[in-house]
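The figures here come from the full heavy-atom set of this structure, side chains too, leaving out hydrogens, waters and symmetry mates. Below, read A as the first sequence line, B as the second, and so on, with proteins coming before strands; counting in each chain starts at 1.
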2 protein chains.
Amino acid sequence: MFSKACKYAINAMTYIATLPKERDRVGLKEISKEINSPEAFTAKILQVLVKDHLLTSIKGPNGGFMMRGKSEEIFLGQIVEAIDGDVLFTGCALGLEHCNGHHPCAVHHKFKAIRDHLAGMLMTTSLKEVAFGINNGTNFLRS
Amino acid sequence: MFSKACKYAINAMTYIATLPKERDRVGLKEISKEINSPEAFTAKILQVLVKDHLLTSIKGPNGGFMMRGKSEEIFLGQIVEAIDGDVLFTGCALGLEHCNGHHPCAVHHKFKAIRDHLAGMLMTTSLKEVAFGINNGTNFLRS
DNA sequence: TTCAAAAGATGATTTTCGTCATGATTAAAA
DNA sequence: TTTTAATCATGACGAAAATCATCTTTTGAA
């Protein structure tokens, strides 16, 4: 479904969103430790999120990452698109180069319903909502 | 979503299902040509489907592959499971080793709905139904 | 200036995807 | 019956992409 990079990205963004406003920045080490991800690989992913304006970064001592916008205005779909691109939303389920309503693959219509369901969920689920479950203790960032 | 191998598998099985009953076997060359897939790689995939009892193979001149059961009794989910395993149906969307109702990942409940939707579709969509769209001319196996 | 932290470049490893050569089987031809 | 050729089966190999690590450079606060 998602690439590993994308899973790390969602968990990382979620963790950052769980932090109180007083914590204005978080370091890579803490993030990768909290979400149980390889540090160097996580760094790469965070770089992409910074370039995509979902995060801001600060260098130097006491540097780190912070969210660019409000957590209620950042949605899972934005993260997925930043890392995995839009192939999940627009690509053909069976790999046809040109697959659309006029030239549909064998399962095009069946999958449209699934895809719409998935896209709708991703585009309406905010980081604030997800982070709430973590702070609540009902959901977890690691096993 | 699906691996390339799985996409080829679905298209290959669908093509075989489109053939009339008189055609009791189809060769690899014809299959990979019709679904526009690399021949050698497709051979590997068909082998797995044979081992999984979704296909039967016959060697020698005029050999080939044929479906093991009726196309109305073979469902997309069986093909997906044979090639990609059950990770799509049971694996955690965010990659947690142990993710379940008692220890859910950040998006566990949100994804359960999607997953159930997807699994339901795959488990109830038969090859016969899919093949009908191809024979109908409304759907296509290649671009 | 010093030093901690992110950014960036590069390389290693693993997985997936794909090819090739060879063997095994069997129908058809001789 | 024997030979030939077509076809699937198998294993080794190679290419490409994804994942993960190491090292150097840049930045900026103390």
For this session: Would you confirm whether Ser32(A), through its side chain, and Lys29(A), through its main-chain N or O, come within 3.5 Å as a donor-acceptor pair?
Result: yes
Exercise. Heavy atom of residues 41-55 of chain A under 4.0 Å from DNA chain D: which residues?
Worked result: Phe41(A), Lys44(A)
Problem set entry | Glu81(B) CD to Asp52(B) CG distance, which is reported to the nearest 0.5 Å | 8.5 Å
Problem set entry | Atom pair NE2/CD of His53(B) and Gln78(B) - distance to nearest 0.5 Å | 12.5 Å
For this session: Evaluate the ring planes of Phe41(A) and Tyr8(A), with Trp represented by its six-membered ring, and classify them as parallel (under 30°), tilted (30 to 60°) or perpendicular (over 60°).
Result: perpendicular
Problem set entry | Geometric class of the His117(A)/His117(B) ring pair [parallel <30°, tilted 30-60°, perpendicular >60°] | tilted
For this session: Check the hydrophobic clustering (I, L, V, M, F, W, Y; side-chain heavy atoms under 4.5 Å; chains of links allowed) and say if Val107(B) and Tyr15(A) are grouped together.
Result: yes
Exercise. Under a single-linkage definition using a 4.5 Å side-chain heavy-atom cutoff for Ile, Leu, Val, Met, Phe, Trp and Tyr, are Ile58(A) and Ile31(A) assigned to the same hydrophobic cluster?
Worked result: no
Seminar exercise, completed: Residues in residues 12-28 of chain B with a heavy atom under 4.0 Å of DNA chain C, by number, are none
Problem set entry | Along DNA chain D (nearest heavy atom to each residue), the more 5'-positioned of Cys6(A) and Ile58(A) | Cys6(A)
For this session: Give Gly63(B) one of three labels, base, sugar-phosphate or nothing, depending on what nucleic acid heavy atoms sit under 4.0 Å from its own.
Result: sugar-phosphate
Seminar exercise, completed: DNA chain C: first to last nucleotide in contact with chain B (atom under 4.0 angstrom from a heavy atom), 5' to 3', is dC17(C) to dA28(C)
For this session: Look at the side chain of Pro61(B) and decide which nucleotide, out of dT19(D), dA5(D), dC8(D), has an atom nearest to it.
Result: dA5(D)
Do the side chains of [Y] and [X] get nearer than 4.5 Å, heavy atoms only?
X	Y	value
Leu55(B)	Met13(B)	yes
Pro104(B)	Phe140(A)	yes
Leu54(A)	Arg68(A)	no

For this session: Starting from the 5' end of DNA chain C, give me the residue, Lys59(A) or Ala40(B), whose nearest nucleotide shows up first.
Result: Lys59(A)
